[in-house]
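Just so you know, ligand 1 is whichever comes first in the structure, and atom 1 is the first atom listed for that ligand. Predicted model, so just to flag it, every value in this text is computed and none were measured.
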Amino acid sequence: MGAGPAGLLLSHLLARAGVESVVLERRSREYVEQRVRAGVLEHSTAALLDACGVGGRMRREGLVHHGIELRFAGARHRVPLTELAGGRSIVVYGQQEVVKDLIDARLAAGGRIEFDTEAVGIEGWEGTGGATPAVHFVDAAGRAGTLSCDVVCGCDGAHGASRAAVAGRARVFSHRHPFAWLGILAEAPPATEELIYCRHDRGFSLYSMRSPTLSRLYLQVEPGTPLEDWPDERIWDELAARLHVEGWEMSVGPIVERSVTDMQSVVVEPMRFGSLFLAGDAAHVVPPTGAKGMNLAVADVRLLAEALVPLLQAGDGSLADEYSARCLRRVWRAQELSTWMTMMLHPLTGEDFNGRLQLARLDHLVHSEGASRWLAENYVDLTGGAGLVTGA
Ligand code: RFL
Ligand code: PHB
């Protein structure tokens with residue numbers, strides 16, 4: 001269920017191992033290919049896309065970054081990621097480009113993706129054997145149907161049907177951060193070669209990019225802020241005020257996309273219920289500050305494919321039994337990193353004492369090689385580092 005990065009990559013990995021799947025997607029192909037979201041691929045994510053044959057365009061068009069900038073108190077500090085993280089780097093490549101590449105690969109291989117088809121209910125998933133699960137759906141013409149299968153993979157994001165189905169049985173940990181991000185995509189050449197994470201008393205801002213002509217920028221705003229409160233001129237003025245440092249110029253251009261996202265953390269435990277497996281945002285949401293959401297989705301389905309192939313081809317359920325625990329260890333590490341970055345970089349209105357603590361933490365971070373190395377290793381490759389994918 002779901003043709004986001006999790007569902008599409010899972011379907012692709014399963015097909016390569018000879019396991020048939022059908023992807024049900026509520027939205028149209030155009031919609032999922034245009035949806036602007038994440039942009040940072042961890043080292044292990046990029047390596048997996050390469051290894052399974054869908055990394056070609058990412059390697060040609062993606063931007064390889066070897067550092068990030070932390071900007072605070074009117075000064076710039078570079079964290080040399082690659083130098084500190086054993087030669088590894090990140091790739092800046094839009095999530096919707098990953099989605100396009102995966103859709104192309106699935107369709108070229110004869111895979112089935114049913115767009116405009118919403119899963120509305122799941123049954124028969126509660127036991128581990130015996131009953132055959134089925135997904136009820138409604139297609140674009142409003143016709144109801146049922147798909148019988150061996151396992152159901154809930155890759156339908158934070159607001160999908162699979163999370164709702166397990167609501168009474170799962171333990172759900174959640175936390176609302178008192179911030180939201182206003183994100184824009186602008187036709188302006190990036191005014192920086194590396195991402196800038198900027199803490200300012202007026203609020204956090206992030207300067208990212210998608211290509212040599214497209215900038216992606218974010219501003220911390222109040223949760224629930226209506227977009228109408230932020231006309232173009234106010235957005236650019238606020239970005240200029242927060243990002244200002246001597247000798248650096250913003251670049252400005254037409255804004256072609258904008259959205260506001262509240263920041264939250266959610267973890268659903270466990271991630272498997274009988275023959276229903278949750279993966280990606282359906283199972284967990286992290287605040288975007290650590291750039292981990294899509295990377296976690298990719299890491300989940302890598303383990304899920306590894307677990308489903310022996311289960312479905314040889315009746316060997318040992319890896320499927322470990323799936324949830326193997327994922328959750330990494331998920332909580334990512335929650336910790338993302339929450340730590342969020343709390344260090346987003347000032348709370350009227351909390352001057354907290355603001356001073358944030359500056360002290362940042363000061364320590366950029367002046368301690370140990371602290372910088374910790375950030376670099378986790379930012380570049382939380383997934384592959386520390387054996388969090390292989391379980392080693
Ligand atoms: P998705 O991408 O939400 O895909 C779920 C799909 O399921 C469909 N769906 C259904 N289909 C059928 N029946 C139903 N009942 C359905 N209900 C839903 C949906 O239409 C959708 O197509 O989840 P997935 O695959 O788990 O992928 C997760 C990522 O999308 C998400 O974690 C990231 O975008 C988070 N994220 C970031 N992650 C990173 O790794 N690096 C980043 O730099 C980063 N930046 C971000 C982000 C998320 C953001 N927003 C907007 C939430 C920046 C932002 C602003
Ligand atoms: C992005 O480019 O969209 C992006 C980059 C870094 C983040 C979040 C989002 O932490």
Side-chain angles (χ1 to χ4, degrees), residues 1-11 22-29 31-33 35-42 45 63 65 68 90-96 98-99 102-103 113-122 135-139 152-165 180-185 190 194-197 204 206-210 214-219 257-264 266 278-301 331 334 337-338 341-342 345 379 382-383:
M1 292 157 55
L8 291 167
L9 181 60
L10 178 63
S11 174
V22 179
V23 179
L24 305 178
E25 167 57 50
R26 150 167 89 180
R27 303 284 193 170
S28 66
R29 178 174 180 181
Y31 185 93
V32 299
E33 289 190 344
R35 189 166 44 193
V36 180
R37 284 200 178 166
V40 173
L41 307 185
E42 283 184 309
T45 301
L63 310 166
H65 284 201
I68 53 171
I90 53 168
V91 181
V92 177
Y93 187 62
Q95 174 170 325
Q96 79 267 37
V98 176
V99 163
L102 286 166
I103 290 174
I113 309 172
E114 305 293 338
F115 290 103
D116 301 298
T117 300
E118 179 168 5
V120 291
I122 319 163
V135 179
H136 301 291
F137 61 83
V138 177
D139 72 12
V152 180
C153 299
C155 304
D156 48 350
H159 309 288
S162 59
R163 170 112 50 103
W181 277 16
L182 166 66
I184 62 161
L185 193 64
E194 298 181 334
L195 270 60
I196 305 170
Y197 286 84
F204 169 76
L206 169 62
Y207 202 130
S208 181
M209 64 209 65
R210 288 293 178 270
L214 272 181
S215 294
R216 175 79 169 147
L217 297 121
Y218 297 96
L219 281 173
E257 199 272 347
R258 69 188 77 209
S259 62
V260 173
T261 313
D262 287 355
M263 289 173 86
Q264 55 166 342
V266 180
L278 304 186
D281 277 17
H284 40 72
V285 178
V286 287
T289 324
K292 291 298 174 210
M294 175 174 46
N295 294 295
L296 288 177
V298 166
D300 284 352
V301 300
V331 167
L337 175 80
S338 307
M341 283 185 75
T342 301
L345 290 162
Y379 188 84
L382 177 97
T383 295

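The nearest heavy-atom contact from the protein to atom 11 (N) of ligand 1 is R26 N, 3.1 Å. Nearest non-hydrogen protein atom to atom 15 (N) of ligand 1 is A119 O, 2.9 Å. At the shortest separation from atom 25 (O) of ligand 1 among protein heavy atoms lies A6 N, 2.9 Å. The protein non-hydrogen atom at the shortest distance from atom 20 (O) of ligand 1 is E25 OE2, 2.6 Å. Atom 51 (C) of ligand 1 has as its closest protein heavy atom T261 OG1, 3.5 Å. What sits closest to atom 2 (O) of ligand 1 on the protein, heavy atoms only, is R37 NH1, 3.0 Å.
M294 pairs with exactly one of T45, V40, L41 by the side chain to side chain contact (heavy atoms under 4.5 Å, CB included) rule, that one being L41.
The N/O atoms of A291, backbone and side chain alike, include one that comes under 3.5 Å of an N/O atom in ligand 1. Geometrically, ligand 1 and G293 share a nitrogen or oxygen pair separated by less than 3.5 Å. Residue M294 places at least one N or O, backbone or side chain, under 3.5 Å from an N or O of ligand 1.
Note: S259 OG to L185 CG = 10.0 Å, rounded to the nearest 0.5 Å. Once rounded to the nearest 0.5 Å, the distance linking CG of L217 with CG of L206 reads 7.5 Å. With rounding to the nearest 0.5 Å, the separation of CZ in F137 from CG in D116 is 13.0 Å.
Here E118 has heavy atoms under 4.0 Å from ligand 1 in both its backbone and its side chain. Residue contacts with ligand 1, taken as heavy atom pairs separated by less than 4.0 Å, involve Q95 solely via side-chain atoms from C-beta onward. Contacts of D281 with ligand 1, taken as heavy-atom pairs under 4.0 Å, involve both backbone and side chain.
Counting only heavy atoms from C-beta outward, the side chains of L10 and C155 approach each other to under 4.5 Å. R216 is not listed as a side-chain neighbour of V92, based on a closest heavy-atom distance of 4.5 Å or more. Annotation: side chain of D139 is not in contact with side chain of E114 (no heavy-atom distance under 4.5 Å). Between E194 and I68, every side-chain heavy-atom pair lies at or beyond the 4.5 Å cut-off.
The distance from ligand 1 to the heavy atoms of R35 drops below 4.0 Å at these ligand atoms: 19 (C), 20 (O), 21 (C), 22 (O). The distance from ligand 1 to the heavy atoms of Y218 drops below 4.0 Å at these ligand atoms: 53 (C), 55 (C). Contact atoms of ligand 1 toward T117: 12 (C) (distance under 4.0 Å to a heavy atom of the residue). Per-residue contacts place G39 under 4.0 angstrom from the following atoms of ligand 1 (heavy atoms of the residue considered): 42 (C), 43 (O). Ligand-side atoms of ligand 1 in range of R27: 20 (O), range being under 4.0 angstrom from any heavy atom. Against a heavy-atom cut-off of under 4.0 Å, D156 is close to the following atoms of ligand 1: 5 (C), 7 (O), 9 (N), 10 (C), 16 (C), 17 (N), 18 (C). Ligand-side atoms of ligand 1 in range of G160: 17 (N), range being under 4.0 angstrom from any heavy atom. Close approach to N295 involves these atoms of ligand 1, each under 4.0 Å from a residue heavy atom: 40 (O).
The main-chain N or O of A6 is never found under 3.5 Å from a side-chain atom of D300 such that the two would form a donor-acceptor pair. Looking only at distances, no side-chain donor or acceptor of K292 sits under 3.5 Å from a matching main-chain atom of V285. A donor-acceptor contact shorter than 3.5 Å links the side chain of T342 to the backbone of S338.
Nearest heavy-atom pair across M263 and P288 is CE-CD, 3.8 Å. The nearest pair of heavy atoms linking M209 to P190 is CB-CG, 3.6 Å. Across R163 and A158, no two heavy atoms sit closer than the pair NH2-CA, 3.6 Å. The two atoms that bring V32 and V99 nearest to each other are O-CG1, 3.8 Å, heavy atoms only. The two residues A119 and M1 have their closest heavy-atom pair at CB-CE, 3.8 Å. The shortest non-hydrogen separation linking V286 to G293 is CG2-N, 3.7 Å.
For atom 49 (C) of ligand 1, no protein heavy-atom neighbour is present inside the 4.0 Å cut-off.
Ranked by closest heavy atom to atom 23 (O) of ligand 1, the top entry among A165, G157, P287 is G157. Within the set A38, S259, C155, A283, the minimum heavy-atom distance to atom 5 (C) of ligand 1 is found for C155. The residue from G280, A3, P5, G4 that puts a heavy atom closest to atom 27 (O) of ligand 1 is P5.
Ring pair W181/F204 is parallel by interplanar angle, where below 30° counts as parallel and above 60° as perpendicular.
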Please produce the table of protein N or O atoms sitting under 3.5 Å from N or O atoms belonging to ligand 2, one pair a line, distance to 0.1 Å.
unit_1, atom_1, unit_2, atom_2, d
ligand 2, 2 (O), S208, OG, 2.6
ligand 2, 2 (O), R210, NH1, 2.8
ligand 2, 2 (O), R210, NH2, 3.4
ligand 2, 3 (O), R210, NH2, 2.8
ligand 2, 3 (O), Y218, OH, 2.6
ligand 2, 10 (O), Y197, OH, 2.7
ligand 2, 10 (O), P288, O, 2.8
ligand 2, 10 (O), T289, O, 3.1

